[in-house]
**Student:** 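Can you keep this structure in mind? I'll have questions shortly.
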Amino acid sequence: MSQASLHQLHASPVEAMQGEARGGDRQILNALNVRGLTVSYDRKPVLWDVAMSVPAGARMAIIGPNGAGKSTLLKAALGLIPRLSGECTLFGAPVAKARDKVAYVPQRASVDWDFPASVLDVTLMGLQRQIGWLRWPGASHRAAARGFLDQVGMADFADRPIGQLSGGQQQRVFLARALAQQAPLLVLDEPFAGIDAATEHAIIDVLHRLSQDGRTILAVHHDLGTASQYFDRALLLSGTVIAEGAMDQVLTPAKLQAAYGGRLAASQLEAFAAS
Amino acid sequence: MTPQDTLSLQEFLQIDFPSILLAALAGVTCALLGNFLILRRQALIGDAISHVVLPGIVVGFLLTGSTDSLPMFLGALAAAVIAVLAIEGINRLSGVGREAAMGVVFTAMFAAGVLLLEQSGAGAVHLDVEHALLGNLESALWLEADGAASLLDPQALAALPDAAGRLAVVLGIVGLFVGLLWKELRMVSFDPGFANNLGVPAWALGFGLSVMTAIAAVAAFEAVGSILVIAMFICPAATARLLTDRLSVQIWISVAVALLAAVAGYLLAAFGLASFGLNADLSAAGMVALTAGLAQAAAMIVKRRRLGSA
C-alpha cells in the first residue's frame, strides 16, 4: 500500500461525508434513508411500507419482537436481498453506488465458523477495497489488519484458526473486519446476541469511540434494558414502523405494547412507565 | 545403462507414463476446485455433471455424425454449462435449494439423454458403460517415446493423447482462476452477505466456480472416467481439510494428495498385485480413486489421534 492510500485509509469519514453534503441538495443529510420499503418471502409480506431515517452521526437501534423483520430491514436496505418496492440511499446516493460508505456486520450465526481461515484472514477481508481484486494482501495490509484486531482486543489471536473462537471472540473478529472497511456508516445485526459481558463492554467501547469520531451506527438490538444506554435513537418495528425518533419518545409503554402485544410482561411495561 | 534398463524405461514411457500423466492432470484440476466445492457444500456437483453430459454427447454425435472426441467434448461441455445455469436458475426462482435443483436437473437431463439415444438410432453406436464409468486410462499410449529425451522433445510430446493436451489447457485455466480469485472465492464461500455488501458479487463468483467445475469435469471424464472425477473433486480436498486450518495450505495439500493418488494408484494397479505373483486385471482409474479414498481415511485417523492426545 502506498503512503497516499494509507493516508486515505485514516482520513476521517466525516470529512468525506461533509464534502458530499455540500454537493447534495438535501437539507438534512441522512446516513441511511429508506422510503416505502416492502419485502416479502414467498408472497408473505415481512416488511410493509417501511420508512427509516438514520441521521449522520446517530447511534440508532432497530428494536422489535422476534419476527418483526429487523434483520430483513437491514439486508433489504443494503440491497442484499430483493425488495418488492422502496427506495434506499446512503448519504444521498443509491446504495449500489455507495458501497464504500457502509460496513456491515452480519449475524455471527449466519456463517459456518468451521472454515479454514485465521482471525487475520477474516479481518483482511475488510481491506478488500485497499488490496483490490486479484491481488494478494501485502505486509502493510497485514499490519493494518492487526491494528484493527488490536482495537477490539483480539491482537493476540491473529493467527488463531477461527474455528477455535468463542462466540464473543467471533463477534469481535466480525467487528474488526468491519472497522477495516473504514466506512462512515456501521451496520450491525444483533451484535450482542449470545456473547459474554466482557465482549459486550469491548464492543460498546469501540462503538462509542466511532461515534465520537463522527461515524453513524445502526444496529439491530434485542435488549430493551440496555437500549437507551447504548443508543440515542430508535426505530420500533413490527412488520411496519411503530415509532421512530429519540429513544425516550420511542420506548413508551403504549408504543412498546403496540409492537410487542402480549409478548412483553406487564412488569416490564411498568418499569418503562416509571423510568 | 544396460539395454534391459533402457527398454524398460521406454516401455514405462510408452505404456505407463501417459496414463499416470492423465490421472495426475485430471486429479490436480479437480482437486483445486474441490477445495471450494466442499467448503460450499457442493461436493456432489461432479456427480451431477457426470450424468448431464449424456444428452450433450448424443447431440454432439447427431450433429456431426462423428465419434471423434472433439464434437463429443464440446457437446458434453455445452450440456454441463446448461445444467449449471439451470441449477442456479431453478434455485433462485423457486427457492427449493441447490441440492433439490441439482437433483431435478441431472435426472431430467440424463433421462433426456437416454431417450435421445434410443430414438435417434445413435444407440447403435457403441456406447460403453464401463468406459464411461471407469475411463480408459490404460489405453492411453505414447508410442513415440523412446527414452527420457522424449520428455523434452516437442515433436514426441505432440504425440501424447489429445486428452492430455486438453487437460493441460484446462488445468492452466483452472489454476489461473483459483490463483487469481483465491481471496474473493474464499470471501464469498465464507460470508456471501458480507461480500455482496462490499461489492464482491457472491452469485457471479459461485457461478464462475460452477462453470469451471463443468469444464474440468468434462475434460477429465473422457480421460479418466466419472468415478475418478467424482472422487478427485472430493477426496483430496476433504483429506486436506482434515489436516489444516489454513485454506492456502489446504489447497497445496490437496494437490499433493491428488498427485500421490495418481502415481501410487496407477502403480498399484499396474504392478502391485503382479509383484505378489497374482495375475489380476485391475482398473487403474478405480485404483487411483481407491487410493484417494484411503488417503482420506488415513487423514481421519491422524486427526482423531491428534484430537485424542490434545
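Numbered from 1 within each chain, the chains take letters A, B, ... in sequence-line order. Every heavy atom of this structure was used, including side-chain atoms; hydrogens, water molecules and symmetry mates were not.
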**Student:** Please classify the contact of A:Ile162 with chain B as side chain, backbone, both or neither, using a heavy-atom distance under 4.5 Å.
**Tutor:** side chain
**Student:** Inter-chain polar pairs, chain B versus chain A: which donor-acceptor atoms lie under 3.5 Å apart?
**Tutor:**
{"residue": "B:Arg41", "atom": "NH2", "partner": "A:Asp112", "partner atom": "OD2", "Å": "2.7"}
{"residue": "B:Gly179", "atom": "O", "partner": "A:Trp136", "partner atom": "NE1", "Å": "3.2"}
{"residue": "B:Lys183", "atom": "NZ", "partner": "A:Gln128", "partner atom": "OE1", "Å": "3.2"}
{"residue": "B:Lys183", "atom": "NZ", "partner": "A:Gly132", "partner atom": "O", "Å": "2.8"}
{"residue": "B:Lys183", "atom": "NZ", "partner": "A:Arg135", "partner atom": "O", "Å": "3.4"}
{"residue": "B:Glu184", "atom": "OE2", "partner": "A:Gln128", "partner atom": "NE2", "Å": "3.0"}
{"residue": "B:Glu184", "atom": "OE2", "partner": "A:Leu134", "partner atom": "N", "Å": "3.4"}
{"residue": "B:Asp191", "atom": "OD2", "partner": "A:Arg177", "partner atom": "NH1", "Å": "3.3"}
{"residue": "B:Asp191", "atom": "OD2", "partner": "A:Arg177", "partner atom": "NH2", "Å": "2.7"}
{"residue": "B:Asn197", "atom": "OD1", "partner": "A:Arg99", "partner atom": "NH1", "Å": "3.4"}
{"residue": "B:Asn197", "atom": "ND2", "partner": "A:Val102", "partner atom": "O", "Å": "3.3"}
{"residue": "B:Leu198", "atom": "O", "partner": "A:Arg129", "partner atom": "NH2", "Å": "2.9"}
{"residue": "B:Arg241", "atom": "NH2", "partner": "A:Asp114", "partner atom": "OD1", "Å": "2.9"}
{"residue": "B:Asp245", "atom": "O", "partner": "A:Ala117", "partner atom": "N", "Å": "3.2"}
{"residue": "B:Arg246", "atom": "NH2", "partner": "A:Asp121", "partner atom": "OD1", "Å": "3.1"}
{"residue": "B:Arg246", "atom": "NH2", "partner": "A:Asp121", "partner atom": "OD2", "Å": "3.2"}
{"residue": "B:Leu247", "atom": "N", "partner": "A:Pro116", "partner atom": "O", "Å": "3.2"}

**Student:** Which atoms of B:Val200 are under 4.5 Å from chain A, going by heavy atoms: the side chain, the backbone, both sets, or neither?
**Tutor:** both
**Student:** Above 12 or not: heavy atoms from other molecules or residues under 6.0 Å from CD of B:Glu88?
**Tutor:** yes
**Student:** Under a 4.5 Å heavy-atom cut-off, does chain B meet the side chain of A:Val122, its backbone, both or neither?
**Tutor:** side chain
**Student:** Please flag which part of A:Ala103 lies under 4.5 Å from any non-hydrogen atom of chain B: side chain, backbone, both or neither.
**Tutor:** backbone
